[in-house]
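Read the structure below first, then the notes.
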Amino acid sequence: MKKLKEPKKIKRMSLPLLLAAVSLLSSSGVLAQVNAEQVLNIGRNVLSMEDYMLSIQYFNQAIKAKPYLSDPYFFRALAKLYLEDYKGAEEDCTMALERNKFKTETYKLRGFARQNMGKDSLAIEDYDAGLNYNPQDKYFLYYKAVAQTEMKKRDEAEATFAQLLRIYPQFEDGYAARGRLRAIEGDTVGALADLDKAVAISKNLINAFLMRSQIKAQQKQWESALADMDAAIRLQPQEADLYVNRAYLRYNLDDYFGAMSDYNYTLELEPYNSAALFNRALLRYEVKDLNRAAEDFAKVLKYDPDNFHARYNLGLVNMERGHHKEALADFDRITEKYPRFYPVYYAKAEVYRDMGDMRTAMQNAYVGDDLVKRYVSNPEKNPLDRPAIAAGKTRSAYGSDNEDESEVEVMDRFNQLVTVGSVSDQTQLTYNEKIKGRVQDRNIRVEPEAAYMLSLQDSPLSLRSTSNYFRELDDFNNRGYITDKIYLSTGVETSDEAELRNLFSRADFYEGVVADGKARAADMLALGVIRGMLKNYAAAIEALDVAIEKDPVFTMAYMARAYARYASIRAGRNSAEGEDAAAAALMQRQMQHELAAVMADYDQALKLNPRLGYAWFNKGNIYYDSGDYTSALQCYSEAIRLDPMSGPAYFNRGITYLQIGNKRQAFSDLSKAGELGVLPSYNLLKRMK
């Protein structure tokens, strides 16, 4: 554990985070036919809602109707870009420019698509074309400078960055990107100056913290590097690889407990994270926790059987454990592939000596000595020691062809920790137009799917695959106890004037029904449900109390009262804001008492109907709202057990997993929720990718 290791390559570009300025390219003035204009506008609206596949279908129709217009091609290119179909986006931009070469945004979009495909020189041509029309466009200059960096044109990139930052002196991404350029070129002083400036402007620029952390680590300024890594983790606490990097920094500060804790937490987030497994195994080996070190190395080899580093270390661990046959098997596999890797012969000699076979031990030691004498001590004789390449093929320890790597380099690499975040690979380019309403580009609050409530209105139309149903509700409606039908609904908001008039009318009707004191439980339920819809929660609870008094096994009434009680608590919580400390404390104690009553109602409903998954779901929402995420997980899991087709339960459990940093489980649940018709799942998956 001597220094940060160059990681495996990160893809050159990240997926664009912001939609291009749709309003800048309005087509209403050039479309001659109303139908074509409507189709294009619908497609743009669908695109703004991030339903990329559906928006493409609308743009296809517009292109078919008016193939000579540029806008449908542009917007279809944008949709393809967000689906990471960069080649398709490039082709559509070309078609758009053939029809109208003066729409500068199209050059930007095509250039960005080309950069994602590694066509940096062509991307620069596009950016230059756009700059001809708008010489001071921030993102043309920014993208051009990044492309020049990728092409290792330092002087040209420096000139472009200088122009960009002269015009936009507070553009934090520009300083971070120039800092990356200077770090690649070895100018750590200049790089740190730029990164310091970027961080001073914005404390939310994670790449700047990561790059600065790595530079400080290379300078062995471990405390400073750790502070920056801590800042990066605060910005992206769900990113498992950041904990691997922090563990390395903590190790270098002799904080073995902290390092081990970070490796353990990484593996809670991503149980198959090979870097965390490998590094934890090395640390366990160092502290002589040999059995568990062997388990970790074995897991690495299970996922990557060709990992030479793990194989050799497992052999060493087995040797120290006295598992001689297993150690020799590991070492033999290495010598078959790397016959000139001399340390393995000394290791084999030690194993044979421990087994009492001194002759074979001496033979292996002689082979190691000979290799050191011939190749290590005399590099001019064979400066690139690549026997496997001479045989016609090679495969690196990471599983990919690598003909430029000598075995001496392999030896050096395998003593280094596998970490992420290399300065040379930190590419922060995003399609970054500042457009209002682009939710994936802002720190918005992700809301859970709403709780289920009894209502006179059904839920809004959605893609849900099943209706909201439970036995008692169906029996109640089928038997016609009241003149209205009651639904189990979510997301119902009564704001339409006609709907409100109807609700007040129905409330008056049931008030008349119950006025003589001979009301049935069903009438009181209906009155309570309507009062709840009108947000008169105290009166709703009063009516539902009577319903339950008249029928103590009335499952629907318990569900309705629990919902009304919690809605009342939330309303009271909002009204308590701004109260003095004493009043707020009294209100808090009262709310805790009321919350217990809410849970008691849901528990009673479950006692009457143990298969009532909706009650578990609503309990999960309450726990989620209070920040008790582990209890919320348990409730959502129960809801899913009772109804494996409950998309909202999968979605809410998914965002709960995100709240505690469990990205792997969250992605599994969100994917299932999307499959079951909860469309926000795909948006969240994309944003958390």
Side-chain angles (χ1 to χ4, degrees), residues 9-22 24-25 27 40 43-44 46-48 50-60 62-63 69-134 137-151 153 157 160 164 173 177 425-435 438 440-441 686-687 689:
K9 290 289 182 181
I10 300 171
K11 61 183 179 181
R12 294 163 52 86
M13 301 278 181
S14 59
L15 182 64
L17 296 181
L18 292 166
L19 193 63
V22 173
L24 296 179
L25 297 172
S27 305
L40 181 57
R44 290 166 58 186
V46 172
L47 179 62
S48 71
E50 302 177 23
D51 192 342
Y52 307 123
M53 295 298 296
L54 181 58
S55 70
I56 287 173
Q57 303 310 310
Y58 282 110
F59 299 138
N60 289 345
I63 289 169
L69 294 176
S70 66
D71 282 5
Y73 287 101
F74 171 82
F75 289 113
R76 191 171 72 176
L78 191 54
K80 289 179 178 179
L81 189 73
Y82 277 96
L83 291 168
E84 300 186 67
D85 179 8
Y86 300 121
K87 187 174 188 300
E90 178 191 29
E91 292 170 351
D92 276 349
C93 285
T94 300
M95 299 290 282
L97 289 169
E98 287 175 357
R99 287 153 178 78
N100 187 343
K101 65 179 182 179
F102 298 107
K103 289 186 181 293
T104 57
E105 187 72 14
T106 313
Y107 291 105
K108 190 180 298 179
L109 184 58
R110 188 173 68 176
F112 190 85
R114 285 173 165 175
Q115 263 183 288
N116 274 279
M117 294 188 291
K119 299 180 178 180
D120 296 304
S121 60
L122 291 176
I124 290 173
E125 290 180 10
D126 278 335
Y127 300 144
D128 284 338
L131 288 167
N132 285 335
Y133 297 106
N134 189 353
D137 186 280
K138 180 191 294 185
Y139 289 99
F140 274 127
L141 291 169
Y142 174 61
Y143 297 152
K144 178 181 177 181
V146 173
Q148 289 168 332
T149 299
E150 295 294 338
M151 296 182 69
K153 295 184 176 182
T160 306
L164 169 68
D173 287 322
D425 290 325
Q426 284 294 337
T427 305
Q428 58 236 321
L429 191 59
T430 56
Y431 196 73
N432 197 17
E433 285 296 340
K434 305 296 185 183
I435 306 304
R438 293 297 298 162
Q440 76 271 30
D441 302 311
K686 179 170 71 68
R687 289 163 56 196
K689 186 175 180 180

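Positions are given from 1, in the same order as the sequence printed here.
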Using atom types as modelled and distance alone, determine if a side-chain donor or acceptor of Y127 lies under 3.5 Å from a backbone N or O of G111.
-> yes

Rounded to the nearest 0.5 Å, the OG1 atom of T160 sits from the NZ atom of K153 at a distance of 10.5 Å

In short, M117 meets Y86 closest at the heavy-atom pair CG-CB, 3.6 Å

What class does the angle between the rings of Y143 and Y139 fall in, given that below 30° is parallel, 30 to 60° is tilted and above 60° is perpendicular? tilted

One should read off an interatomic distance between D128 CG and F140 CZ, to the nearest 0.5 angstrom, of 10.0 Å

Margin query: Looking at N116 and F112, would you say the former's side chain and the latter's main chain have a donor-acceptor pair under 3.5 Å?
Written below: yes

So OH of Y73 and SG of C93: to nearest 0.5 Å the spacing works out to 12.5 Å

Check this for me: does any side-chain nitrogen of one of E105 and K108 sit under 4.0 Å from a carboxylate oxygen of the other?
yes

Q) Is the shortest distance from a Lys or Arg side-chain nitrogen in E91 or K80 to a carboxylate oxygen in the other one below 4.0 Å? A) no

Between L40 and P72, the two heavy atoms sitting closest are CD1-CA, 4.0 Å

Between L78 and L47 the two heavy atoms that sit nearest each other are CD2-CD2, 4.0 Å

Heavy atoms of Q115 and A123 approach each other most closely as CG-CB, 3.7 Å

* I124 and M151: CA distance, side-chain angles, deciding distance, side-chain contact (heavy atoms from CB on, under 4.5 Å) verdict -> CA-CA 10 Å; I124 290 173; M151 296 182 69; 3.6 Å; yes

Heavy-atom nearest pair, Q148 first then A157, reads OE1-CA, 3.2 Å

Distance col, row T106:OG1 vs F75:CZ, nearest 0.5 angstrom, shows 9.0 Å

Closest non-hydrogen contact found for K101 with Y107 is O-OH, 3.0 Å

To the nearest 0.5 Å, atom CG of D120 lies from atom CZ of R114 at 11.5 Å

*asked:* Applying side-chain contact (heavy atoms from CB on, under 4.5 Å) to L122 and E125, what does each step give before you reach the verdict?
replied: CA-CA 5 Å; L122 291 176; E125 290 180 10; 3.7 Å; yes

Between D92 and the options K87, R76, R99, the salt bridge (charged side-chain N to carboxylate O under 4.0 Å, His left out) test singles out R76

Value for OG1 (T104) from CG (L97), rounded to nearest 0.5 Å, stands at 10.0 Å

